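Heavy atoms only: backbone and side chains are in, while hydrogens, waters and symmetry mates are out. Note that the structure is predicted; figures quoted are calculated from it, not measured.
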Amino acid sequence: MYTENFKNTFMVDVLEYFGFIHITEGFERKQDIENQGSNNTSVESTQSISTLAVPEKARQTADKTRTDATGYLSDSSCDTKDYITSPNSDIYVAGDKVTENADPFLVTWNGPSDPDNPLNFSRFKKLLIVFQIMVLTFVTYMASAIVSPGEEEIRKEFKVGHITVTLNLAVYVLAYGIGQVIFSPLSEIAKVGRQLIYTYTFFVFTVFQIACATVPNFGGLIVLRFIAGLMCGPALATGGASITDIIEGRQLTAYIAMWAIGAVLAPVMAPIVGAAMVIAKNWRWIFWLLTFVSAAALVFFILFFQETSANSILSRRASRIRKITGDDRYYTVQERKDESTALSAFLISTFYRPIEIIVKEPIVLAFDIYISFIYGALYLFFESFPLVFVGIYHFTLMESSLAFLGFFVGCCIAFPLLMLFLHKVIYPAHDNNTFVPEKFLILAMGVSWMLPLSQFLFGWAASTHWIVPIIAEIFFIIAVWNLFQVTFSYLAFSFPDHVASVFAGNGFMRSVFACAFPLFGQAMFKNLAIEGYPVGWGSTIVGFVTLVLAAIPFVLYKYGATLRSKSKFNDSA
């Protein structure tokens with residue numbers, strides 16, 4: 001039952017590799033066919049059956065059997081209307097004749113309802129996969145900011161300055177930007193797929209949490225954090241692709257939005273957990289907690305996360321058929337494409353293409369700058385919170401960490417707002433054939449004003465009630481979360497043939513900004529502080545920049561279609 005329902009999980013892969021289970025993919029092994037053939041009264045039939053491995057369903061269908069040139073069983077009594085389906089959705093055997101243009105060695109789906117096709121997974125399987133991706137993303141994102149409450153203890157133990165200890169957060173964020181660029185293209189290779197990338201990198205990530213918990217010096221901690229950050233790349237870059245593998249149509253945006261809630265909440269919920277560990281034990285227990293949580297998630301992932309890439313699933317099917325039949329001629333389209341792709345072309349696609357698109361496409365450059373800046377502003381809160389909630393309101397470490405709950409409230413408002421927008425604007429536009437990518441920018445224009453408002457309110461709310469800066473957090477996250485959803489949807493529809501490169505470039509650029517902002521954040525706030533308002537002018541500068549950037553969706557709403565029509569990367573324009 002388990003092997004049937006969770007066929008392409010890592011655990012099933014291991015069991016299959018060591019020979020504990022055998023997945024036939026509709027074929028039977030040659031010796032099994034020979035044994036059954038020996039009981040057949042027809043010598044002619046027996047001899048023909050024993051020569052090749054054949055599909056079980058086809059063998060069971062035929063009463064009088066023989067093999068034709070394709071290696072598939074055909075019924076000698078059937079006429080041209082009696083078809084026996086081969087393991088390939090587009091290949092049918094009729095008597096002795098294979099339908100025109102059919103390649104008997106091309107492995108594809110067994111028709112449109114093939115249960116192995118990720119789009120045909122049951123609703124339970126789809127929800128389970130999305131949940132696991134959310135957990136994986138939450139854990140790896142949480143690891144970025146969870147160290148913030150322990151920075152003071154780390155600084156004292158290793159005798160380093162504030163900017164130096166901030167590298168703990170900065171290098172991790174930079175590393176997962178680099179990891180996205182590296183691992184995202186690898187997951188598109190048919191023989192690799194997504195599941196193996198997730199599993200191996202998350203295993204290394206888990207092991208390195210133990211190393212971080214026991215490291216004896218600060219230099220070693222920074223190196224370990226960088227490597228752990230690299231291992232986060234698949235969850236952050238490929239999570240959306242995995243959801244796209246199994247969800248299509250109108251539901252896709254909603255599921256992507258659910259996944260994004262975990263991605264946004266993780267870095268703002270992490271300080272609460274980190275503060276609890278520091279108060280209860282010490283900063284090293286932050287990493288021990290990450291170890292326990294990651295290990296539990298890894299075990300669950302190994303047991304129940306199925307491969308979602310259609311190309312990889314077909315490649316596994318072809319590999320099993322080659323093993324069963326002993327015939328290396330079975331192949332998939334993506335396998336042939338991967339084999340014919342030169343290493344230089346792969347490297348260009350991986351590293352050069354994302355940068356090329358950013359440089360040559362005004363739309364991509366504009367939104368990359370916008371999203372990267374506000375993402376950096378999010379991480380800037382890790383520097384401003386102690387100055388406001390500890391310095392002004394005299395919160396304890398735990399209380400100042402709980403102040404991040406304002407972001408959680410904002411997410412609870414942001415998600416229904418997006419759903420309302422989809423049902424009132426996007427879906428009707430699809431129904432009446434008036435949809436263009438610029439429709440997404442209506443929501444961006446509607447929430448962009450909240451960003452400068454949140455910065456001005458947070459910066460100049462000092463000495464008022466502590467709830468006011470927390471309300472500023474709510475405005476901030478409503479704008480940020482919806483701008484992220486709108487941007488990714490707009491770019492995906494604008495450059496459908498280069499989505500991976502566009503998102504890889506965006507992810508790397510975001511990480512660079514998020515890495516840099518905490519490094520200069522506290523110095524900026526302190527140098528510009530005035531009495532009673534420690535982050536007033538610093539937040540005001542950020543607010544003015546977001547006010548200028550808010551013009552981007554307005555400009556692109558008017559001129560975006562023209563720019564897309566002139567783009568050499570928009571093949572669908």
Side-chain angles (χ1 to χ4, degrees), residues 10 129-148 150 168-184 186-187 194-213 221-243 256 258-274 277 286-302 304-305 308 375 378-379 382 407 411 484 503-504 506-508 510-511 514-515 518:
F10 188 82
I129 288 171
V130 173
F131 172 74
Q132 289 177 96
I133 294 172
M134 288 179 65
V135 170
L136 193 65
T137 304
F138 186 88
V139 172
T140 51
Y141 254 134
M142 183 175 69
S144 64
I146 197 171
V147 298
S148 296
N168 233 329
L169 170 64
V171 298
Y172 183 91
V173 176
L174 177 64
Y176 70 58
I178 298 173
Q180 293 179 58
V181 176
I182 296 173
F183 291 114
S184 183
L186 287 177
S187 71
R194 311 202 198 284
Q195 180 248 96
L196 289 179
I197 293 288
Y198 283 137
T199 306
Y200 285 126
T201 55
F202 195 55
F203 172 77
V204 175
F205 171 84
T206 303
V207 172
F208 270 75
Q209 301 315 306
I210 301 175
C212 288
L221 178 61
I222 296 303
V223 172
L224 293 172
R225 285 282 286 171
F226 182 83
I227 297 174
L230 283 177
M231 296 301 105
C232 293
L236 309 182
T238 315
S242 293
I243 296 175
I256 292 289
M258 289 171 57
W259 169 60
I261 289 178
V264 173
L265 276 182
V268 299
M269 297 295 289
I272 300 174
V273 180
M277 291 297 100
I286 291 175
F287 295 105
W288 284 120
L289 176 66
L290 280 174
T291 301
F292 301 146
V293 173
S294 300
L298 179 63
V299 171
F300 190 77
F301 197 83
I302 287 173
F304 300 112
F305 186 83
T308 62
Y375 193 62
L378 172 63
Y379 276 84
F382 297 118
F407 293 113
C411 280
F484 266 70
F503 285 1
N506 184 280
F508 177 72
R510 288 200 321 268
S511 297
C515 167

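- With R225 contributing its side chain and V173 its backbone, the two residues share no donor-acceptor pair below 3.5 Å.
- To the nearest 0.5 Å, the span separating OG1 on T308 from OH on Y198 amounts to 6.0 Å.
- Between L136 and T140, the closest heavy-atom pair is O-OG1, 2.9 Å.
- The one candidate from V293, T291, I286, L224 that meets the side chain to side chain contact (heavy atoms under 4.5 Å, CB included) condition with Q209 is T291.
- Ring geometry, Y172 versus Y176: the interplanar angle exceeds 60°, so the pair is classed perpendicular (tilted spans 30 to 60°).
- The two residues S144 and L169 come nearest to each other via the heavy atoms O-CD1, 3.0 Å.
- Under the 4.5 Å side-chain criterion, counting only non-hydrogen atoms from C-beta, C515 is not in contact with V171.
- Distance check: M134 CE to I243 CD1 gives 8.5 Å after rounding to the nearest 0.5 Å.
- Atoms OG and CD1, from S187 and I182 in turn, are 13.0 Å apart once rounded to the nearest 0.5 Å.
- Tested against F10 for a ring-ring contact (aromatic ring centres under 6.0 Å, His included), the candidates Y200, F301, F305 yield a single pass: Y200.
- Atom OG of S511 is separated from atom CG of N506 by 9.0 Å, given to the nearest 0.5 angstrom.
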Item to complete: Given side-chain contact (heavy atoms from CB on, under 4.5 Å), test I146 with F287 step by step and report yes or no.
Response: CA-CA 9 Å; I146 197 171; F287 295 105; 5.7 Å; no
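- Closest approach of P271 and A145 over heavy atoms only: CG-O, 4.2 Å.
- S242 and I133 make their closest contact through CB-CD1, 3.3 Å (heavy atoms, listed as atom of the first residue, atom of the second, distance).
- The shortest side-chain heavy-atom distance between F407 and M269 does not fall under the 4.5 Å cut-off.
- Within the 4.5 Å cutoff, the side chain of F382 has no heavy atoms near those of the P518 side chain.
- A search for ring-ring contact (aromatic ring centres under 6.0 Å, His included) contacts involving F203 returns nothing, not counting sequence neighbours.
- By the neighbour-count criterion of 12 heavy atoms within 6.0 Å, atom CZ of F304 is densely surrounded, having more than that number from other residues, nucleotides or ligands.
- From Q195, atom CD reaches atom CD1 of I129 across 10.5 Å, with rounding to the nearest 0.5 Å.
- Here the side chains of L298 and F205 are not in contact, with every heavy-atom distance at 4.5 Å or above.
- Here CZ of F183 is found 6.5 Å from CD1 of I197. Values are rounded to the nearest 0.5 Å.
- Across all non-hydrogen atoms, the minimal contact from M231 to T201 is CB-O, 3.4 Å.
- Counted within 6.0 Å of OH on Y375, heavy atoms from surrounding residues, nucleotides or ligands total more than 12; the atom is thus considered enclosed.
- When atom types are taken as modelled, the side chain of T199 and the backbone of L196 share no donor-acceptor pair closer than 3.5 angstrom.
- Nearest heavy atom pair, residue Y379 against residue A514, reads CD1-CB, 3.7 Å.
- No side-chain heavy atom of V135 sits less than 4.5 Å from a side-chain heavy atom of F300.
- Residue F292 qualifies as enclosed at atom CZ: its count of foreign heavy atoms under 6.0 Å is above 12.
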Practice prompt. With side-chain contact (heavy atoms from CB on, under 4.5 Å) as the test, would you mind laying out the steps for I210 and W288 before giving the verdict?
Written response: CA-CA 7 Å; I210 301 175; W288 284 120; 4.0 Å; yes
